[in-house]
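Side-chain atoms are counted along with the backbone in the values below, which use heavy atoms only and exclude waters and symmetry mates. Proteins get letters first, then strands, A, B, ... in listed order; numbering begins at 1 in each.
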Protein chains: 2
Amino acid sequence: MERKPTLDDIAHLAGVGKGTASRVINGGTHVRKETREKVMKVINDLGYRPSSAARRLSRRVPLRSVGVLESVLTAPAFVDRLRGIQDVIESKEKFELTLYSCTSPERLKQKLDHIADMHTVEALIVVDLDVSEDQRARLASAGVTLVSISNAAGSGPQVGIDDERGGYVATRYLLELGHKRIAYLGDVFPDPFGFKTSRNRYRGYVQALEDAGLSIGQEYVQLGKHGKAEAQAMCATLLSLPDRPTAIFAMTDIQALGCLEAAREAKVNVPQDLSIIGFDDIEASSHVGLTTVTQHLSESGRVATQYVLGVLEGRRTGDPPSLPDVEVVVRRTTCPPREEGQ
Amino acid sequence: MERKPTLDDIAHLAGVGKGTASRVINGGTHVRKETREKVMKVINDLGYRPSSAARRLSRRVPLRSVGVLESVLTAPAFVDRLRGIQDVIESKEKFELTLYSCTSPERLKQKLDHIADMHTVEALIVVDLDVSEDQRARLASAGVTLVSISNAAGSGPQVGIDDERGGYVATRYLLELGHKRIAYLGDVFPDPFGFKTSRNRYRGYVQALEDAGLSIGQEYVQLGKHGKAEAQAMCATLLSLPDRPTAIFAMTDIQALGCLEAAREAKVNVPQDLSIIGFDDIEASSHVGLTTVTQHLSESGRVATQYVLGVLEGRRTGDPPSLPDVEVVVRRTTCPPREEGQ
DNA sequence: TTGAAAGCGCTACCAG
DNA sequence: CTGGTAGCGCTTTCAA
């Protein structure tokens, strides 16, 4: 066997016309039982599968799809964004949703090339991934409308929040509660994908501290690989400090969850003896009662999707609307520090 | 404007040949700048978008996609399954992943028809949704290979676990811990999608109790609408019982999370004064330390996907392999009951 | 009931 | 650099 069999092959081998073969495939009405079976046999023998492209073209049912490309590294936050994307896609009937994922930065370029070549999607929503100028041009010439959901500075249409401001807001909240010894726990920067999330949230943290006239000891800054377990370990370090922090600002909710775990193990009461604030407001946070900074995850998916759809449908040109401001969601992992702590 | 413009339209209006117009669209190499701009203008004026079907057909790049249809109602568990599906799709290069979702049982038929008509996917993984015989036939004749991920009894290839056994295992675990007053909290059955999950898990619960020679008072059985808040309310009812249960078996982790919340509000210590076991083992459960019964969510996605891919590629015929047995994942919401409790 | 033939919209090759 | 032309694989009249 040399190439994929086509309807012609089937028809010839079964000794019938193309038209008949086609009828057999589509419901088999108006075909003599005998004939049908003959054709069916050939189909099965060859493992024939009709070409959806040809089918579509002939039937005049166009495929309209928007793609979503995610980095598996930011998984938990992605889920919430996807929900927003899905919401608006589903409401449009005409569009399908194609999901791509990218496991490592090296494979990003490859993946984008693939997407451009496949011509499956008319638009692509890139989540938390950095697309180079070259790649943008490549996609554009393939007719793919692009929008990114990301907080990193980038060119092209983008929806996201200001991480530095987010870091500032989180830290200031802790400050207002009366905390003075506030630690920062985040990814080591720059991270493998070249993202500056951690650095930016850290900057906001530093700024807030400075504005409050406080200086931070470097032992209060824990930077490491992203992950719950890693965060747990870093938090344990923080808790073993002679003059340990009364509050921790974790760069993401996942890391904050790790901190919670560490506190539990160290028998440190949260929030009485240790306040913890996260960032993102992923779904799990509401379950554990984590105080965090919301960056309007599902809203970001919704906005980005509405934007690309708008572009595809010809209305709309400028930039996507911006997201609501970042905001502290107070739950039960934060409170004022104990008096004794001076 | 009567119908979608085609390349021919563009070419005519721009006063150039089809070939040239095509070149402009695909990178625009070997085209005089002037010509290109002329063509571009027409394209923009008409809001022209190339037909991906035609493009594909001509370029001979076939679209191979497997679809996933989910019911938004079972969302949290779905996320984990999706991860498994995604894993194996990504490893295959050749296939894309198309996501469909279905918001209400009434729309299921409609959605399936849509999927059959679109001819986008060669295979469909239906998650926690019940597909009728008619629909199966319809999909089959559209050439769509089907597999369901579900615990409900159904025809056709299916991957899932035995809910009744799951309920039995969960309850027996509580029994072995020494509990005697064990409540069941689940969805009212039958539920809107016609699922029997709650009923089956409940049966396992009853059976385990019987096997232990215990009878259950009906006040220990709380059935209601699915959801965390609803479960929280039902749990509150349970906690206000004169002779309240020492343990609760919640039909899903989401409901167990609601119970946790209720216990916290009622100042009941978990697990010392109340053991809680859930079902599913969604990601959030690991974060809160919920004891639960795992049904191998991501594994189910993986198995189902490998199965359909196997069928599509011609190897493999029978049924999908079965999942590992259900299993209690012990975390920190369960322990033996207090002595005083008789 | 069946075969032949005419497209579907686009790309790619080939002269010019 | 550009216009014509031949398909890509399938569905769908239209006669037979």
Side-chain angles (χ1 to χ4, degrees), chain A residues 2-40 42-43 46-64 116-120 122 141-144, chain B residues 2-40 42-43 46-64 116-120 122 141-144:
Chain A
E2 19 192 39
R3 52 167 186 62
K4 273 188 59 175
T6 74
L7 228 211
D8 267 318
D9 301 336
I10 303 295
H12 285 147
L13 288 173
V16 302
K18 232 178 19 166
T20 306
S22 176
R23 261 164 250 139
V24 170
I25 291 168
N26 303 285
T29 42
H30 298 277
V31 180
R32 213 176 46 209
K33 193 172 177 185
E34 230 170 65
T35 315
R36 188 198 4 266
E37 281 165 2
K38 202 168 48 181
V39 176
M40 278 305 212
V42 179
I43 290 183
L46 268 62
Y48 166 76
R49 303 223 136 240
S51 144
S52 64
R55 217 145 147 156
R56 274 225 155 74
L57 183 56
S58 174
R59 286 207 184 151
R60 237 151 304 182
V61 24
L63 165 58
R64 311 206 62 178
D117 289 339
M118 290 307 271
H119 293 292
T120 304
E122 294 180 24
S141 84
V144 178
Chain B
E2 17 191 40
R3 51 166 186 62
K4 272 189 59 175
T6 74
L7 228 211
D8 267 318
D9 301 336
I10 303 296
H12 285 148
L13 288 173
V16 303
K18 228 172 33 158
T20 306
S22 176
R23 259 165 253 138
V24 170
I25 291 168
N26 302 285
T29 41
H30 298 277
V31 180
R32 214 175 47 209
K33 194 172 177 185
E34 229 169 66
T35 315
R36 191 202 357 267
E37 281 165 2
K38 201 168 48 180
V39 176
M40 278 305 213
V42 179
I43 290 184
L46 267 64
Y48 167 76
R49 302 227 135 237
S51 144
S52 65
R55 217 145 148 159
R56 274 225 154 75
L57 184 56
S58 172
R59 285 207 183 151
R60 234 152 306 181
V61 25
L63 165 58
R64 311 206 62 178
D117 289 339
M118 290 307 271
H119 294 291
T120 304
E122 295 182 24
S141 83
V144 178

Notebook entry, point to check: Distance check: side-chain N/O of S22(A) vs OP1/OP2 of dC10(D), anything under 4.0 Å?
Noted result: no
Margin query: In this structure, how many angstroms lie between the P atom of dT11(C) and the CZ atom of R56(B), rounded?
Written below: 12 Å
Check: Side chain of R32(A): nearest nucleotide among dT11(C), dT2(C), dC10(D)?
Finding: dT2(C)
Checklist line | I25(A) CD1 to M40(A) CE distance, which is reported to the nearest 0.5 Å | finding: 8.5 Å
Item checked: Residue among V16(B), I10(B), V24(B) satisfying side chain to side chain contact (heavy atoms under 4.5 Å, CB included) with V42(B) -> I10(B)
Item checked: R36(B) CZ to dT2(D) C1', straight-line distance once rounded to whole Å -> 14 Å
Check: Could you state the NE2-C1' distance from H30(B) to dC1(D), rounded to the nearest angstrom?
Finding: 9 Å
Check: Under 4.0 Å between a side-chain N or O of S58(B) and OP1 or OP2 of dG9(C)?
Finding: no
Next item on the list: Measure the CG-OG1 distance between L7(A) and T20(A) for me, rounded to the nearest 0.5 Å.
Entry: 10.5 Å
Checklist line | Separation of atom CD in E37(A) from atom P in dT2(C), rounded to whole Å | finding: 12 Å
Item checked: Options dG9(C), dT1(C), dT12(D), nucleotide nearest the side-chain atoms of L57(B) -> dG9(C)
Notebook entry, point to check: Base, sugar-phosphate, or nothing for R23(A), non-hydrogen atoms under 4.0 angstrom?
Noted result: base
Next item on the list: Find the distance between CE (M118(A)) and CZ (R64(B)) and round it off to the nearest 0.5 Å.
Entry: 10.0 Å
Checklist line | Atom pair distance, as rounded to whole Å: CG in L7(B) and P in dC8(D) | finding: 19 Å
Next item on the list: Quick one: label T6(A) by what it contacts on the DNA or RNA (base, sugar-phosphate, nothing), any heavy atom closer than 4.0 Å.
Entry: sugar-phosphate
Check: dC8(D) P sits how many Å from R59(A) CZ, rounded?
Finding: 21 Å
Checklist line | Backbone of A54(B) reached by a side-chain donor or acceptor of R56(A) within 3.5 Å | finding: no
Next item on the list: Please figure out whether K18(A) or K33(A) has its closest DNA chain C nucleotide nearer the 5' end.
Entry: K33(A)
Next item on the list: Report yes if at least one side-chain N or O of S51(B) is closer than 4.0 Å to OP1 or OP2 of dC10(C); otherwise report no.
Entry: no
Notebook entry, point to check: Whole Å only: how far is the CG atom of N26(B) from the C1' atom of dC13(C)?
Noted result: 15 Å
Check: Whole-Å distance between dG7(C) P and R60(A) CZ?
Finding: 11 Å
